[in-house]
Amino acid sequence: MIEQAHMIVDMLAKILELVGAAIILGGVLLASVRFLIDGNATNWHDAYGRYRAGLGRGILLGLELLVGADIISTITAPLTFQSVGLLGAIIAIRTFLSFSLETEIEGCWPWRRMARDRDERTDSER
């Protein structure tokens, strides 16, 4: 019974990994198509900024799912110091990438986002 539960959880983790990878690939394709359409319709400089943001969002969403899959897979893996250390390193790297991508997309540090949004609302009300 427990072994079947482990197999199901492991399968769900693998499915989540596939979905995460598919979202990254889909995000790259969608952002690329949108970049070509926007670049031809407007100017390439503005389209490039939107392209980078679109790529970042796709990668960010996919990374979040991959981190979730890694965490779920620890349920079925035998816990050793090596496996926990490897999982910790993978999660740390993916979290750093997520943090970096979100900062790049938003254009400011996460702890400055509220102040930026408040300043933008104040500017638009004037």
Practice task
Decide if atom OH of Tyr48 counts as having more than 12 heavy atoms of other residues, nucleotides or ligands within a radius under 6.0 Å.
Solution key: no
Practice task
Answer yes or no: is there a donor N or O on one side and an acceptor on the other, between the side chain of Asn40 and the main chain of Leu36, under 3.5 Å?
Solution key: yes
Exercise for the section: Count the heavy atoms of every other residue, nucleotide or ligand shown that sit under 6.0 Å from CZ of Arg50, and state whether that count exceeds 12. Expected result: yes
Problem - CD-CD1 distance between Glu3 and Ile8, expressed to the nearest 0.5 angstrom - result: 11.5 Å
Exercise for the section: Taking the side chain as every heavy atom from C-beta outward, state whether Ile90 and Leu66 have any pair of such atoms under 4.5 Å apart. Expected result: no
Exercise for the section: State yes or no: do Phe99 and Leu63 share one hydrophobic cluster built from I, L, V, M, F, W and Y residues joined by side-chain heavy-atom distances below 4.5 Å, directly or via other members? Expected result: no
Fill in the blank from the handout: Heavy-atom closest pair (Phe35 atom, Trp44 atom, distance to 0.1 Å) is CZ-CE3, 3.6 Å
Below 3.5 Å, can you tabulate the donor-acceptor pairs from side chains in residues 16-33 to any protein atom, sequence neighbours excluded?
from	atom 1	to	atom 2	distance (Å)
Ser32	OG	Val28	O	2.7
Ser32	OG	Tyr51	OH	3.0

Exercise for the section: Check for a donor-acceptor pair, side chain of Ser73 on one end and backbone N or O of Asp70 on the other, with a separation under 3.5 Å. Expected result: yes
Problem - Pairwise distance OG(Ser98) to CD1(Ile91) - rounded to 0.5 angstrom - result: 11.0 Å
Practice task
Treating Ile, Leu, Val, Met, Phe, Trp and Tyr as nodes and any side-chain heavy-atom pair under 4.5 angstrom as an edge, say whether Leu61 and Ile59 lie in one connected cluster.
Solution key: no
Exercise for the section: Could you check if a side-chain atom of Val84 sits within less than 4.5 angstrom of a side-chain atom of Thr80, using non-hydrogen atoms only? Expected result: no
Practice task
Is it possible for you to say whether Val67 and Leu97 belong to one hydrophobic cluster, with membership spreading through side-chain heavy-atom contacts below 4.5 Å?
Solution key: no
Practice task
Nearest 0.5 Å please: distance from the CG atom of Leu101 over to the CZ atom of Phe96.
Solution key: 9.5 Å
